[in-house]
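The block underneath contains the structure these notes are about, expressed in structure tokens.
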Amino acid sequence: MIAIEELIFRVIAYNENAIEMLDLMPQSVPIMDWIEILKKLAVRAISRLQSLPGGDIGLLCNTVVEHVREFAGYDRVIVYKFHEDEHGEVVAEIRRFDLEPYLGVHYLATDIPQASRMRRECMLL
């Protein structure tokens, strides 16, 4: 989304016949209202996360994907777990109903981009 003179536009970029295109679709909510909406979503998400019982990593992951999707509007949000042998597993997911589920899918370490593995190694330090 972009803002122009207090209005918000949803932006869709695509390539048509080797021409880069942008579609700008005006949204009916002024930018200041969007800021208030996003603040309320963030406060609600933080409050819910703080109220979760400790020790249930699955519940935490499921709650996080729900709130990220609500906040960002993505079609799919996943939590990905790296195992000791560097393969990965989708351990939480929320998605549009028409998308194929990835929950429980394991990926070989070689399927995980080097940049993602390097970020993981940095986080472990």
Side-chain angles (χ1 to χ4, degrees):
M1 289 203 193
I2 63 171
I4 302 172
E5 294 183 15
E6 302 271 331
L7 295 175
I8 293 181
F9 293 83
R10 182 173 297 270
V11 180
I12 298 176
Y14 59 96
N15 185 304
E16 185 173 301
N17 298 325
I19 299 172
E20 301 297 323
M21 307 287 287
L22 285 179
D23 281 347
L24 301 176
M25 296 173 285
Q27 304 297 295
S28 60
V29 181
I31 191 163
M32 293 311 293
D33 291 345
W34 270 111
I35 291 170
E36 288 303 313
I37 290 168
L38 293 176
K39 282 183 1 186
K40 287 178 184 175
L41 287 172
V43 166
R44 187 169 63 215
I46 291 167
S47 175
R48 183 158 176 225
L49 289 170
Q50 289 175 333
S51 71
L52 292 175
D56 188 342
I57 192 72
L59 179 60
L60 175 64
C61 291
N62 287 326
T63 303
V64 167
V65 295
E66 288 173 17
H67 284 288
V68 170
R69 183 164 189 230
E70 180 182 20
F71 191 79
Y74 295 133
D75 293 337
R76 179 192 314 267
V77 178
I78 65 170
V79 172
Y80 195 78
K81 177 182 178 181
F82 288 98
H83 291 273
E84 290 298 320
D85 65 358
E86 295 190 0
H87 89 277
E89 174 186 6
V90 177
V91 295
E93 173 185 35
I94 191 166
R95 61 183 168 78
R96 279 192 346 235
F97 74 93
D98 60 324
L99 296 176
E100 176 184 347
Y102 294 162
L103 185 62
V105 173
H106 290 252
Y107 293 94
L108 300 172
T110 54
D111 290 343
I112 300 167
Q114 182 64 33
S116 295
R117 283 185 285 176
M118 288 176 65
R119 278 194 302 272
R120 174 186 177 265
E121 289 172 11
C122 289
M123 290 187 303
L124 293 175
L125 298 178

Parallel, tilted or perpendicular: rings of H83 and H106 (30°, 60°)
parallel

Hey, what do you get for CG (L52) to OG1 (T63), rounding to the nearest 0.5 Å?
4.5 Å

Looking at N62 and G58, would you say the former's side chain and the latter's main chain have a donor-acceptor pair under 3.5 Å?
yes

Pairwise distance CG(L41) to CD(E36) - rounded to 0.5 angstrom
11.5 Å

Over 12 non-hydrogen atoms of neighbours within 6.0 angstrom of OH in Y74:
no

Measuring from I94:CD1 to H67:NE2, what's the distance to the nearest 0.5 Å?
9.5 Å

Answer yes if the side chains of H87 and D85 hold a donor-acceptor pair under 3.5 Å, and no otherwise.
yes

Would you name the heavy atoms of L103 and E93 that are closest together and state the gap between them?
N-OE1, 3.0 Å

Specify the closest pair of heavy atoms between V90 and Y102, including all atoms of both residues, with the distance to one decimal.
CB-O, 3.3 Å

Is there a path of hydrophobic side-chain contacts, each under 4.5 Å between heavy atoms of I/L/V/M/F/W/Y residues, joining I57 to L59?
yes

From CD1 (I46) to OG (S51), nearest 0.5 Å:
12.0 Å

Do V65 and Y80 sit in one hydrophobic cluster, given that two such residues count as connected whenever their side-chain heavy atoms are within less than 4.5 Å of each other, even indirectly?
no

Please report the C-alpha distance between R95 and E100 in whole Å, then the side-chain angles of each, then the deciding distance to 0.1 Å, and finally whether the salt bridge (charged side-chain N to carboxylate O under 4.0 Å, His left out) criterion is met.
CA-CA 9 Å; R95 61 183 168 78; E100 176 184 347; over 6 Å; no

How far does CD1 of I78 sit from CD of E89, to the nearest 0.5 angstrom?
11.0 Å

